[in-house]
Amino acid sequence: MSPTPTPPSTPTSSLSPAPSAGGALSSLHSTLPQWRALVEHAHEIETMHLRALESADARRWQNFQVESGPWLFDMSRQRIVSKTLLKLLELARVVGLEARIAAMFRGDLINNTEQRAVLHTALRSNFAGGIDVQAEVHASRQKISSFVGAVRAGRVLGCTGAKLTQVVNIGIGGSDLGPLLVCDALKAQWSGGLTPHFVSNVDRTQLYDVMRALNPAETLVVVCSKTFTTQETQANANAARAWVVGALGEAAAAKHFVAVSTNAAAMDAFGIATENRFTMWDWVGGRYSVWSAVGLVAELVLGSERFEEFLGGASAMDKHFIHTPFEKNLPVLMGLLSVWNRTFLKLPTLAVLPYDQRLARLPAYLQQLQMESNGKSVSREGKSVDFATAPVVWGEPGSNAQHSFFQMLHQGTPTTALDFITPLRGSWGDTEAQDLALQNCFAQAQAFAFGHNLEEVRHEMQKAGVAADQIARLGAHRVYEGNRPSSLLLYPQTTAATLGGLLALYEHSVFVQGSVWGLNSFDQFGVELGKKLATGISMRNDGGSQDGVSRKEGLSGPGSEGIAALVRYVVRQRMMS
Ligand code: F6P
């Protein structure tokens, strides 16, 4: 972790009074004059093509680029002019973004619905959070790295004395996606002879695959669950325990299971030995937790030194976020552009397109980060918003994606905002193959922005000697409208440090967006209803009824008759097959 002597201050502005750190403006941010000015401005921009914007500003590619540390952020193919950024920055100021950043790093209870601090930054930057938090984080880091060192060195062994060579992380959502991404992304840096496996889905397929392939005597299972109550994780952990105990005896559980959680009582009940428990805190949200013991599986596979580099990369981004003027601040600019595209230009989705196979799981990680954080329609004060919030986030690595869904992105009816992300070198240090990736990435960014109009198509076909009637018949099919906005993020290579920086960049961008929309980005009540209803549905006829619906547990709520019919169908079909 990198030390920084100065804690974040709360900068003030002379233009107009900044709102409180909670950003608790009494009404929706859409009532602000700065917001309305952006609505008007968006109408203007909507009539302009990126070609026109480019020809009006010969230095556009330069004017809309920010270079900082290892990053080059190119926003010149966004549908913006200088005025757009000025207006967005002014909006950021009046919604109190500066004060909110300071409040987050200070540990204020900015998760207002749950009355919690939001201090994932304290896991990697020792200038974030209070002294108490830092002491706990330090103690936790010590415990993790000493365990990691012992497993990797073979000082902690399985119950038969075999070296632990396989590590299975059982967790879901934030307790899965972060460590999975880190392991995948840094595969070129695995060391120490441990191979990671991930089990998340409740349908148990992944666990069956693991159980078929692995020898339990050489397997360490990490049960990773902040709450230790998540149905999927509990079910998979219990099944994994039965597998280990079935093969090696009851005493094996203590040697082959460790846990990451805040819930000591549940870890007791599961039988996790005290020395095998790695703590978490309620001030770290699941989707922000990869920096904590949730990253244990990754640290086991990479070693603590690499993991510290990962934390260091994120810490450098934290510093950048706090100390850089908004005009050059990467997360601020990225977040504001996302608000611009989603809310003002009304583009419904964001495609994340890493030109690095190592980042194949990045879109899934960012889906949870953005959609669980900002997929909300009431403000922090509980008022219904009258504007669009989080985009649907999705994506795949290029160049694969070019051969599947790019057709629609280029010529389909919805316009999608795009994030191109690409390292200059491949993860094995390769430049030759990465040249091809870069070449494709740049070409796509250009095609999306500037397109290929009918005149150009006709000209091209004429030059190729195509007959006039064929040109008339096929011309329209070959047109690319363009005007699809994209950002491009370039960095040297996907390493532990740049990966840390990249994830922190997106975290802070999501925070910026939530702040501008006036949301609490740190709760997730939207996941609860389905979980609750699921507990009332049973496929076993254990309630004494004839129809497969457990009367004891009971279905309830609107639509329960339809669900009961589905349960009866399942029971009937299974009896017949
Ligand atoms: O259901 C959503 C969620 O609560 C996520 O926010 C979280 O990352 C995931 O479930 C897993 O939760 P836990 O780590 O408590 O098992």
Side-chain angles (χ1 to χ4, degrees), residues 166-184 196-214 216 219-246 253 256-272 277-278 280 282 284-290 292-298 361 363-369 371-373 375 523-540 550 553 555 563 566-567 570:
Q166 313 296 322
V167 50
V168 179
N169 187 80
I170 299 182
I172 197 164
S175 298
D176 168 66
L177 292 164
L180 171 56
L181 169 62
V182 174
C183 287
D184 266 15
H197 307 268
F198 290 85
V199 171
S200 52
N201 201 313
V202 76
D203 72 8
R204 211 168 289 176
T205 309
Q206 294 159 302
L207 185 64
Y208 286 139
D209 288 349
V210 158
M211 293 191 304
R212 250 163 48 126
L214 303 191
T219 303
L220 177 70
V221 180
V222 179
V223 184
C224 192
S225 177
K226 180 176 167 183
T227 56
F228 225 78
T229 57
T230 304
Q231 186 201 46
E232 292 89 336
T233 303
Q234 289 299 301
N236 281 320
N238 286 325
R241 193 179 193 283
W243 170 61
V244 169
V245 166
H256 290 264
F257 281 81
V258 300
V260 178
S261 184
T262 54
N263 187 343
M267 287 190 280
D268 281 344
F270 193 87
I272 302 283
R277 295 175 187 186
F278 297 91
M280 279 185 76
D282 70 0
V284 182
R287 53 196 174 274
Y288 299 89
S289 64
V290 65
S292 71
V294 166
L296 181 63
V297 57
R361 298 300 291 165
Y365 177 84
L366 295 180
Q367 259 167 2
Q368 188 196 11
L369 184 65
M371 294 165 76
E372 202 173 72
S373 297
D523 60 13
Q524 57 282 320
F525 292 109
V527 301
E528 297 304 330
L529 178 61
K531 287 186 195 174
K532 195 179 98 191
L533 291 175
T535 63
I537 300 173
S538 169
M539 299 305 144
R540 283 175 299 137
S550 164
E553 288 164 287
L555 285 161
I563 301 300
L566 289 174
V567 172
V570 170

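Note that this is a predicted model, so its numbers are computed, not measured. Hydrogens, waters and symmetry mates play no part in the numbers below; they use all other heavy atoms, side chains included.
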Q: Do you see a donor-acceptor pair shorter than 3.5 Å between the side chains of Thr227 and Thr230?
A: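 A pair is found: one side chain offers a donor N or O, the other an acceptor, under 3.5 Å apart.
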Q: Using modelled atom types and a 3.5 Å cut-off, is there a donor and acceptor pairing between side-chain atoms of Arg277 and backbone atoms of Ile272?
A: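 Judged by distance alone, yes, a pair lies under 3.5 Å.
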Q: Take Thr205 and Asp203 through the test side chain to side chain donor-acceptor pair (under 3.5 Å) and record every step on the way to the result.
A: CA-CA 6 Å; Thr205 309; Asp203 72 8; 2.8 Å; yes
Q: For the atom pair OH (Tyr365) and CG (Leu181), what is the distance rounded to the nearest 0.5 Å?
A: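 Atom-to-atom, Tyr365:OH and Leu181:CG are 7.0 Å apart.
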Q: Does a sphere of radius 6.0 Å around CZ in Arg361 hold more than 12 heavy atoms from other residues, nucleotides or ligands, not counting ones at 6.0 Å or beyond?
A: no
Q: Quick one: list whatever passes ring pair (Phe, Tyr, Trp, His ring centres under 6.0 Å) with Tyr288, sequence neighbours left out.
A: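 Tyr288 satisfies ring pair (Phe, Tyr, Trp, His ring centres under 6.0 Å) with His120, Phe522 once adjacent residues are dropped.
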Q: Looking at every non-hydrogen atom in both residues, tell me the closest pair between Phe228 and Ala266 and how far apart they are.
A: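 Reported closest heavy-atom pair: CD2-CB, 3.5 Å.
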Q: Taking all non-hydrogen atoms of both residues into account, name the closest pair between Ala240 and Leu207 and its distance.
A: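 Distance-wise, the nearest heavy atoms are N-CD2, 3.8 Å.
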Q: What's the spacing between Glu372 CD and Gln524 CD if we round to 0.5 Å?
A: 5.0 Å
Q: Check whether any side-chain heavy atom of Asn238 sits under 4.5 Å from a side-chain heavy atom of Phe270, and report yes or no.
A: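 Yes, their side chains come closer than 4.5 Å.
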Q: Taking the side chain as every heavy atom from C-beta outward, state whether Thr262 and Asp282 have any atom pair closer than 4.5 Å.
A: no
Q: Taking only distance into account, with no hydrogens and no angle test, what donor-acceptor pairs under 3.5 Å do side-chain atoms of residues 166-177 form with protein atoms, sequence neighbours excluded?
A:
residue	atom	partner	partner atom	Å
Gln166	OE1	His197	NE2	2.8
Asn169	ND2	Ser175	O	3.0

Q: Do any N or O atoms from the side chain of Gln206 and from the backbone of Ser200 form a donor-acceptor pair under 3.5 angstrom?
A: yes
Q: Determine whether Leu214 and Trp243 make a side-chain contact, defined as any pair of heavy atoms from C-beta on separated by less than 4.5 Å.
A: yes
Q: Would you say that Thr229 contacts Gln234 through its side chain, given a criterion of any heavy-atom pair below 4.5 Å between the two side chains?
A: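 They are not in contact (no side-chain heavy atoms under 4.5 Å apart), so the answer is no.
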Q: Looking at every heavy atom in both Phe198 and Cys183, which two are closest together, and how far apart are they?
A: CZ-SG, 3.8 Å
Q: Applying salt bridge (charged side-chain N to carboxylate O under 4.0 Å, His left out) as the test, list every pair that has at least one member in residues 530-539; sequence neighbours left out.
A: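 Listed by first then second residue: Glu528-Lys531.
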Q: If every non-hydrogen atom of Val290 is compared with every non-hydrogen atom of Pro179, which pair is closest and at what distance?
A: CG2-N, 3.8 Å
Q: Measure the shortest side-chain to side-chain distance between Pro216 and His256 over non-hydrogen atoms and say whether it is less than 4.5 angstrom.
A: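 No; the side chains remain at least 4.5 Å from each other.
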Q: How long is the span from the CD atom in Gln231 to the OG atom in Ser225, to the nearest 0.5 Å?
A: 12.0 Å
Q: Do the non-hydrogen side-chain atoms of Tyr208 and Arg204 ever get within less than 4.5 Å of each other?
A: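 Of all side-chain heavy-atom pairs linking Arg204 with Tyr208, at least one is under 4.5 Å.
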Q: State, yes or no, whether a side-chain contact exists between Lys226 and Ser289 at a heavy-atom distance under 4.5 Å.
A: no
Q: Return the CG to CD1 distance between Leu533 and Ile537, rounded to the nearest 0.5 Å.
A: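 With rounding to 0.5 Å, CG (Leu533) is 6.5 Å from CD1 (Ile537).
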Q: So which atom in Ala253 and which in Val245 form the shortest heavy-atom distance, rounded to 0.1 Å?
A: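 Of all heavy-atom pairs spanning Ala253 and Val245, the closest is CB-CG2, 4.1 Å.
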